[in-house]
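Below, chains carry the letters A, B, ... as their sequence lines are ordered, and counting in each starts from 1.
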Protein chains: 2
Amino acid sequence: MATEQDFAAMRLLVDLLADKWTLPILGALCENGGRQRFNALKRGIAGISQKSLASCLKRLEFNGLIERIVATKGQLSVEYRVTAIGHSLELPINALILWSNQNIDVIMAAREASRSATLT
Amino acid sequence: MATEQDFAAMRLLVDLLADKWTLPILGALCENGGRQRFNALKRGIAGISQKSLASCLKRLEFNGLIERIVATKGQLSVEYRVTAIGHSLELPINALILWSNQNIDVIMAAREASRSATLT
DNA sequence: CCGTATCCGTTGGGATACTG
DNA sequence: CAGTATCCCAACGGATACGG
């Protein structure tokens, strides 16, 4: 049964993760051992725009889930790293992704069923 | 490391859950053993509008996570129930909510730190 | 390379009023 | 009770161009 606290927790989760790109970004960031540069990240995430990536990274940094490290040696380069607390999210998120992988067929079937039901 | 499949899974998760009200609705539905009527649901979720609730419930039903049972005996009454596949989401979601409860203070502190950093 | 600035169509979602 | 319809504004997010 959900408590008041749980609702606050849900609101926080929505703030942190519930948009189009946060999950893919976090996923792409973890691919390379938790660190990646801006354009590498952009190339790794099909279809994302610079704008969305930048704003999303800002929010993640603002919430302390990732950190931004600037290396001014010669060429400008910026690396984004998943923080400790960011890493602690991997486990529960991976559980969700596993669930999604296991149930994607059922969901798609349910959608088809809904669609054909409305056609009758 | 994230596979192509995982990105598809993430997209599905975003489709299913990544909006303002889905998590609270699912939470409220589970409060009463997985079944609840429309207005009871509305009263249980602080701040939600009829419109948002209705559209969200439609999408959840479309994806097979809940079902809509109409009882036309006398007074019109509609009950929404979490399906089996919907229930299978409880475990991974609760893990996330637990994470959120455990880390909400750290997140808030990180936000404060970011804010004071920009003021300097 | 790493962004920010601007423009702009699309969507989200609250308020309110109305229907079966 | 359980929604649908309408209005309306703010936010999202893609495309493009520009700057450090």
How many Å lie between CD on A:E61 and P on C:dG3, as a whole number? 9 Å

Between P of C:dA15 and CD1 of B:I48, the distance in whole Å: 12 Å

Which is more 5' along DNA chain C, the nucleotide nearest A:A54 or the one nearest A:Q75? Just name the residue. A:Q75

Under 3.5 Å: donor-acceptor pair, side chain of A:S52, backbone of A:I48: no

Is the closest basic N to carboxylate O distance between A:E61 and A:K58 below 4.0 Å? no

Look at all strands and tell whether B:Q50 reaches a base, only sugar-phosphate, or nothing, counting heavy atoms closer than 4.0 Å. base

To the nearest Å, give me how far apart CZ (A:R43) and P (C:dG3) are. 13 Å

Closest nucleotide of DNA chain D for B:S77 versus for A:S49: which of these residues is on the 5' side? B:S77

In whole angstrom, give the distance that lies between atom CG of B:L17 and atom P of C:dG12. 15 Å

Of the listed D:dA2, C:dA15, C:dT6, the closest approach to the A:K51 side chain comes from C:dT6

Give a yes/no on whether any side-chain N or O of B:R68 is located under 4.0 angstrom from OP1 or OP2 of D:dA2. no

Which part of the nucleic acid, if any, lies within contact of B:K42, taking any heavy atom under 4.0 Å across all strands shown: a base, the sugar-phosphate backbone alone, or nothing? nothing

C:dC2, OP1 or OP2 - any side-chain N/O from A:R37 closer than 4.0 Å? yes

Euclidean distance, atom CD of residue A:E79 to atom P of C:dG3 [Å, nearest integer]: 12 Å

Which of D:dT4, C:dG3, D:dT6 is nearest the side chain of A:F38? It is C:dG3

Let me spell it out: for each of A:S55 and B:G47, pick the nucleotide of DNA chain C with the closest heavy atom. Which residue's pick is nearer the 5' end? A:S55

Could you check if a side-chain atom of A:V14 sits within less than 4.5 angstrom of a side-chain atom of A:D19, using non-hydrogen atoms only? no

Report yes if at least one side-chain N or O of A:Y80 is closer than 4.0 Å to OP1 or OP2 of C:dG3; otherwise report no. yes

Could you check how far CG of A:D19 sits from P of C:dG12, rounded to whole Å? 13 Å

Do you know which two heavy atoms are closest between B:I25 and B:L53, and how far apart they sit? CD1-CD1, 3.6 Å

Going by an N to O cut-off under 4.0 Å, is there a salt bridge joining B:R35 and B:E79? yes

Proximal nucleotide (of D:dG20, C:dG14, D:dA2) relative to the B:L76 side chain: D:dA2

By nearest atom, which of the nucleotides D:dC1, C:dG13, C:dC2 is closest to the A:V78 side chain? C:dC2

Can you measure A:K58 atom NZ to D:dA11 atom C1' for me and round it to whole angstrom units? 16 Å

Any ion pair linking A:E67 and A:R81 (charged N to carboxylate O, less than 4.0 Å)? no

Check this one for me: any side-chain N or O of B:S52 less than 4.0 Å away from OP1 or OP2 of C:dG12? no

In whole angstroms, the gap separating C1' of C:dC1 from CG of A:L57 amounts to 15 Å

